[in-house]
Number of protein chains: 2
Amino acid sequence: MGGDGHPYAPADLHLPGFVPQQLSQGQILARYLGTSVIVFLAVWLLSGRCRGLSKTDRLLMCWWAFTGLTHIFIEGPFVFTPGFFRKENPNYLDEVWKEYSKADSRYVARDPAIVTVEGSTAVLGGPASLLAVYAIASHKSYSHILQFTVCMGHLYGGLVYFITAYLDGFNFWISPFYFWAYFISANSFWVWIPTLIAMRSWKMICAAFRAEMAKKTK
Amino acid sequence: MGGDGHPYAPADLHLPGFVPQQLSQGQILARYLGTSVIVFLAVWLLSGRCRGLSKTDRLLMCWWAFTGLTHIFIEGPFVFTPGFFRKENPNYLDEVWKEYSKADSRYVARDPAIVTVEGSTAVLGGPASLLAVYAIASHKSYSHILQFTVCMGHLYGGLVYFITAYLDGFNFWISPFYFWAYFISANSFWVWIPTLIAMRSWKMICAAFRAEMAKKTK
């Protein structure tokens with residue numbers, strides 16, 4: 001236990017009025033993962049009714065719906081609720097961020113770099129991800145460049161997230177389990193998936209220009 | 001004058017071993033602006049010898065050469081010289097960052113968000129900008145998506161730069177002159193120019209996909 005009765009590292013972190021977490025890790029994760037599975041399944045089934053979509057397109061729609069809703073409904077409330085850790089009657093989302101702060105206390109400590117990355121992700125990345133679902137479904141000409149843009153946001157956000165953690169002392173988790181399970185593994189989805197999508201969109205965009213050039217030189 | 005004989009704000013910033021700036025503002029700016037004008041002119045003249053380039057393409061090549069060289073040779077040394085402010089025999093670049101720190105003392109204080117943004121810009125943005133000069137000159141199919149990527153890096157870096165400054169207290173300049181001339185005006189070039197280039201590349205990419213779709217549906 002650190003100062004002010006909180007469990008976070010470093011122990012001298014000052015969090016006056018901290019209200020202990022009431023939901024267990026299992027309750028928090030089950031609800032997030034359960035909702036995510038429902039979102040994935042719903043988008044997968046609905047996208048089957050759109051014409052001309054490959055399985056990859058439909059999988060991408062599932063990802064963009066999942067990540068967009070996460071940005072807006074999980075990360076958004078964090079950005080706009082500075083005092084979530086001292087609320088007398090915490091809701092589910094307050095508990096999510098108390099749990100996640102065990103892996104990165106910069107969240108509960110409201111580190112400016114974290115608030116900036118989460119704010120950009122929630123306000124810009126969230127709506128843009130949902131727009132990507134629509135853009136893929138309706139074969140928009142901006143579909144690839146939009147997906148690429150959001151991926152760049154994820155990757156740049158990840159760079160800022162991990163590098164500032166390193167430069168700031170790399171001591172924000174309460175145990176190796178939280179470091180590996182949340183800080184590394186959970187975040188890694190927003191590194192390797194955007195990398196794959198960005199590479200795919202980059203290739204598609206280059207191919208479109210090569211086709212255009214070939215037509216011109218005919 | 002703040003503590004440790006430095007001129008920066010806030011005055012209680014601790015900079016042990018600070019060596020006062022020796023070059024004047026005029027000397028520092030004249031050398032940077034003079035070199036930049038030479039780079040612009042050289043690229044403009046050389047690009048006139050490449051076939052099939054519009055004036056816009058040539059202007060973009062000038063911008064990418066200028067910004068790439070700035071990232072590598074001005075911002076790079078900052079990232080990899082943590083103690084620049086206490087060097088007994090400072091070189092020109094140490095003096096540049098002492099001067100710029102008058103508008104944003106997070107540079108001399110080595111704020112992690114600043115080091116992260118500058119590090120990404122120098123290491124990734126610098127070489128990618130120079131690659132963009134080559135890509136435009138040789139009409140590569142990846143020219144637009146590459147330029148768009150670097151612009152996204154500039155814009156996301158700008159977001160992190162300005163929002164963390166605001167969240168961290170917005171008190172890092174020694175006078176309104178430095179705030180407006182360096183913090184706002186100088187940085188604004190890396191906001192409005194990347195915005196214009198990104199919009200242009202976005203439109204070109206969408207047009208390439210529309211042409212491809214039109215061909216398929218014929």
Side-chain angles (χ1 to χ4, degrees), chain A residues 52 79 82 106 110-121 123-125 135 139-146 148-170 198-199 201-217, chain B residues 52 79 82 106 110-121 123-125 135 139-146 148-170 198-199 201-217:
Chain A
V79 175
R106 297 181 298 167
R110 224 151 178 83
D111 177 85
I114 294 292
V115 176
T116 302
V117 169
E118 288 293 352
S120 315
T121 306
V123 173
L124 303 173
H139 306 274
K140 292 292 182 195
S141 61
Y142 62 79
S143 174
H144 280 295
I145 186 66
L146 173 66
F148 185 84
T149 302
V150 189
C151 290
M152 286 299 109
H154 285 149
L155 293 175
Y156 200 106
L159 266 185
V160 174
Y161 184 71
F162 289 114
I163 298 180
T164 52
Y166 175 77
L167 293 174
D168 258 330
F170 226 54
M199 284 169 63
S201 290
W202 177 292
K203 279 180 202 159
M204 298 280 195
I205 288 167
C206 292
F209 277 106
R210 274 197 302 272
E212 195 177 64
M213 285 173 194
K215 213 172 69 180
K216 274 183 189 157
T217 52
Chain B
V79 175
R106 297 181 297 167
R110 224 148 178 84
D111 177 84
I114 293 293
V115 176
T116 302
V117 169
E118 288 293 351
S120 315
T121 306
V123 173
L124 303 173
H139 307 274
K140 292 291 182 195
S141 61
Y142 61 79
S143 173
H144 281 296
I145 186 65
L146 174 66
F148 185 84
T149 302
V150 189
C151 290
M152 286 299 110
H154 285 149
L155 293 176
Y156 200 107
L159 266 185
V160 174
Y161 183 70
F162 288 114
I163 298 179
T164 52
Y166 175 77
L167 293 174
D168 258 331
F170 225 54
M199 284 169 61
S201 290
W202 177 291
K203 279 181 203 161
M204 298 279 196
I205 289 167
C206 291
F209 277 106
R210 275 198 302 273
E212 196 178 64
M213 285 172 193
K215 212 172 71 182
K216 275 183 191 159
T217 53

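Heavy-atom basis, side chains included; hydrogens, waters and symmetry copies ignored. Every chain is numbered from 1, with letters handed out A, B, ... down the list of sequences.
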To check you understand the geometry: which heavy-atom pair defines the closest contact between [X] and [Y], and what is its length?
X        : Y        : answer
A:Leu159 : B:Ser120 : CD1-OG, 3.8 Å
B:Ser141 : A:Arg210 : OG-NH1, 3.4 Å
B:Ala208 : A:Ala208 : CB-CB, 4.1 Å

**Leading residue by heavy atom contact count with chain A [cutoff under 4.5 Å; candidates B:Met204, B:Met152, B:Lys203]** =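 Among the listed options, the one with the most contacts to chain A is B:Met204.
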
**Item:** Interface moiety of B:Leu124 toward chain A, non-hydrogen atoms closer than 4.5 Å
**Value:**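 Side chain only.
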
**Message:** Less than 4.5 Å to any heavy atom of chain A: does that hold for the side chain of B:Lys140, its backbone, both, or neither?
**Reply:**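 For B:Lys140, backbone heavy atoms alone lie under 4.5 Å from chain A.
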
**Item:** Nearest-0.5 Å distance, CG of residue B:Asp111 to CG of residue A:Asp168
**Value:**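 Those atoms lie 8.0 Å apart.
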
Top of [options] for chain B proximity - count of heavy-atom pairs under 4.5 angstrom:
options                                : result
A:Ala211, A:Gly153, A:Ala198           : A:Gly153
A:Ser143, A:Gly119, A:Ala165, A:Gly157 : A:Gly157
A:Val160, A:Leu167, A:Ile145           : A:Ile145

**Contact check, side chains of A:Thr149 and B:Trp202, non-hydrogen atoms, under 4.5 Å** =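 A side-chain contact under 4.5 Å exists here.
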
**Prompt:** Just wondering, do B:Tyr156 and A:Thr116 contact through their side chains at under 4.5 Å, heavy atoms?
**Reply:**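 The answer is no; the side chains never approach within 4.5 Å.
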
**Asked** Stepwise, does the side-chain contact (heavy atoms from CB on, under 4.5 Å) test hold for A:Ile205 with B:Tyr142?
**Response** CA-CA 8 Å; A:Ile205 288 167; B:Tyr142 61 79; over 6 Å; no

**Request:** On the 0 to 90° scale, with breaks at 30° and 60°, tag the B:Phe148-A:Phe148 ring pair as parallel, tilted or perpendicular.
**Result:**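 B:Phe148 vs A:Phe148 ring planes: tilted.
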
